[in-house]
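Below is one structure; the comments refer to it alone.
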Amino acid sequence: MLQVYLVRHGETQWNAQRRIQGQSDSPLTEMGERQAMQVGARVCGYGITHVIASDLGRTRRTAEIIAQSCGCDVILDSRLRELNMGVLEQRNLDTLTAEEEQWRRQLVNGNPEGRIPQGESMQEVSQRMHAALNACRELPPGSVPLLVSHGMALGCLVSTILGLPAWAERRLRLRNCSISRVDYQQSAWLANGWIVETAGDISHLDAPALDELQR
């Protein structure tokens, strides 16, 4: 059975400021750095063999901290990037017009046609996230990979593994530096292929992140 750990990046300055990040970027806060160290302390005994991260700065930095605890190098994979939020990237949530907020809401309310102008659809995100996950099956036998990605992207991945469409209403909360695990297996009691073992675990964090307090 292949076990793959999924980690959302640590808290960023834009998370704290309620700004839309998408594929734009902002650095980790002091809290975000501490969260990443707490992930590293949690998983250092899991036998992690590969730390694979989105190539955006916030995921790369989170992965570097985790990889140091695991004794791994960081492998970058652009397929693990966050949803492209198009013309709304870098905007503060509180400044969106009614029309812009409608564009944003279409990504979370189950609209199959949801897409911010110049951005991606959830279906497009799902396709590249599944491609990145399935690539883990090509690693040497006995590998235990850990993927560092983003909230929307990971939520879409886990939801689609559960059989929901990529554009389904978002009902999975993945906090900054939460840990999820998915397994690839053949089972007499579960569907063959990818299954969800855990999702959104934050028991290793010693304080609530701003995304927990504000959303």
Side-chain angles (χ1 to χ4, degrees), residues 1-10 35-36 38-55 59-60 62-63 65-83 110 120-205:
M1 180 176 65
L2 173 63
Q3 299 177 350
V4 181
Y5 290 90
L6 309 174
V7 176
R8 185 185 170 198
H9 63 79
Q35 290 169 334
Q38 290 169 347
V39 172
R42 169 78 178 272
V43 305
C44 66
Y46 289 5
I48 302 298
T49 58
H50 298 76
V51 176
I52 305 169
S54 153
D55 59 349
T59 35
R60 187 170 62 246
T62 302
I65 295 170
I66 297 169
Q68 186 173 15
S69 294
C70 297
C72 299
D73 294 326
V74 176
I75 302 167
L76 300 180
D77 188 338
S78 62
R79 294 175 296 187
L80 294 171
R81 283 187 171 198
E82 181 59 296
L83 171 76
E120 280 183 295
S121 70
M122 296 304 292
Q123 183 62 40
E124 290 167 333
V125 173
S126 174
Q127 290 170 350
R128 59 178 172 80
M129 289 294 290
H130 275 272
L133 178 63
N134 283 321
C136 293
R137 296 177 59 199
E138 301 171 7
L139 295 172
S143 295
V144 183
L146 182 148
L147 309 185
V148 184
S149 187
H150 306 263
M152 294 281 284
L154 287 172
C156 181
L157 177 62
V158 175
S159 294
T160 49
I161 289 172
L162 290 171
L164 296 171
W167 55 85
E169 293 177 310
R170 293 190 73 215
R171 299 188 183 276
L172 183 62
R173 179 174 288 123
L174 300 178
R175 307 289 190 190
N176 288 123
C177 271
S178 60
I179 302 174
S180 305
R181 197 186 98 192
V182 297
D183 300 340
Y184 191 88
Q185 64 177 50
Q186 306 294 316
S187 171
W189 297 104
L190 298 171
N192 291 330
W194 292 107
I195 60 99
V196 178
E197 175 70 21
T198 59
D201 182 4
I202 55 170
S203 60
H204 51 286
L205 301 181

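- For the pair Asp77 (side chain) and Ala53 (backbone), a donor-acceptor distance under 3.5 Å is absent.
- With rounding to the nearest 0.5 Å, the separation of OG in Ser159 from CZ in Arg171 is 10.5 Å.
- Taken from OH in Tyr5 to CG in Asp201, the straight-line distance is 10.5 Å, to the nearest 0.5 Å.
- With hydrogens and angles ignored, the 3.5 Å screen pairs no side-chain donor or acceptor of Thr160 with any backbone N or O of Ala166.
- Around the CD atom of Gln68, the shell of radius 6.0 Å holds no more than 12 heavy atoms that belong to other residues, nucleotides or ligands.
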Please determine whether side-chain contact (heavy atoms from CB on, under 4.5 Å) holds for the pair His150 and Ser54, giving the CA-CA distance in whole Å, both sets of side-chain angles, and the decisive distance to 0.1 Å. CA-CA 8 Å; His150 306 263; Ser54 153; 2.9 Å; yes

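- No more than 12 heavy atoms of other residues, nucleotides or ligands shown are found within 6.0 angstrom of CG on Asp73.
- When atom types are taken as modelled, the side chain of Asp183 and the backbone of Trp194 share no donor-acceptor pair closer than 3.5 angstrom.
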Tell me, with the steps shown, if Arg128 and Glu120 meet side-chain contact (heavy atoms from CB on, under 4.5 Å). CA-CA 11 Å; Arg128 59 178 172 80; Glu120 280 183 295; 2.8 Å; yes

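- Between Ser69 and Val43, every side-chain heavy-atom pair lies at or beyond the 4.5 Å cut-off.
- Exactly one residue among Met129, Arg79, Arg8, Glu82 makes a side chain to side chain contact (heavy atoms under 4.5 Å, CB included) with Ser149. That residue is Met129.
- The two residues Leu83 and Ser121 have their closest heavy-atom pair at CD1-O, 3.9 Å.
- Just one of Leu80, Val74, Leu76 meets the side chain to side chain contact (heavy atoms under 4.5 Å, CB included) condition when paired with Asp55; it is Leu76.
- Counting heavy atoms from C-beta outward, Thr62 and Gln35 have side chains that stay 4.5 Å or more apart.
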Using the rule given for side-chain contact (heavy atoms from CB on, under 4.5 Å), can you reason through Cys177 versus Leu205, listing the C-alpha separation, both sets of side-chain angles and the distance that settles it, and then say yes or no? CA-CA 8 Å; Cys177 271; Leu205 301 181; 4.3 Å; yes

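- Put simply, the side chain of Arg181 does not reach to within 4.5 Å of the side chain of Val4, judged on heavy atoms.
- Nearest approach of Ala36 to Ile66, heavy atoms of both residues: O-CG1, 3.7 Å.
- Residue Leu147 is tested with Ile52, Ile75, Val7 for a side chain to side chain contact (heavy atoms under 4.5 Å, CB included); the sole match is Ile52.
- Closest of all the heavy-atom pairs between Leu174 and Gly151 is CD1-O, 4.2 Å.
- Counting heavy atoms from C-beta on, the side chains of Ser143 and His50 come closer than 4.5 Å.
- Shortest non-hydrogen contact noted between Gln3 and Pro145 is O-CD, 3.4 Å.
- Interatomic distance, CG of Leu133 versus CG of Leu6, reported as 7.0 Å (0.5 Å rounding).
- Between Val125 and Ala153, the shortest heavy-atom contact is CG1-CA, 3.9 Å.
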Would you sort out whether Ser187 and Met1 count as a side-chain contact (heavy atoms from CB on, under 4.5 Å), showing the intermediate values? CA-CA 10 Å; Ser187 171; Met1 180 176 65; over 6 Å; no

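- Separating the CG atom in Leu154 from the CG atom in Leu172 is a distance of 9.0 Å, to the nearest 0.5 Å.
- For the residue pair Ile202 and Ser178, the shortest heavy atom distance occurs at CG2-CB, 3.7 Å.
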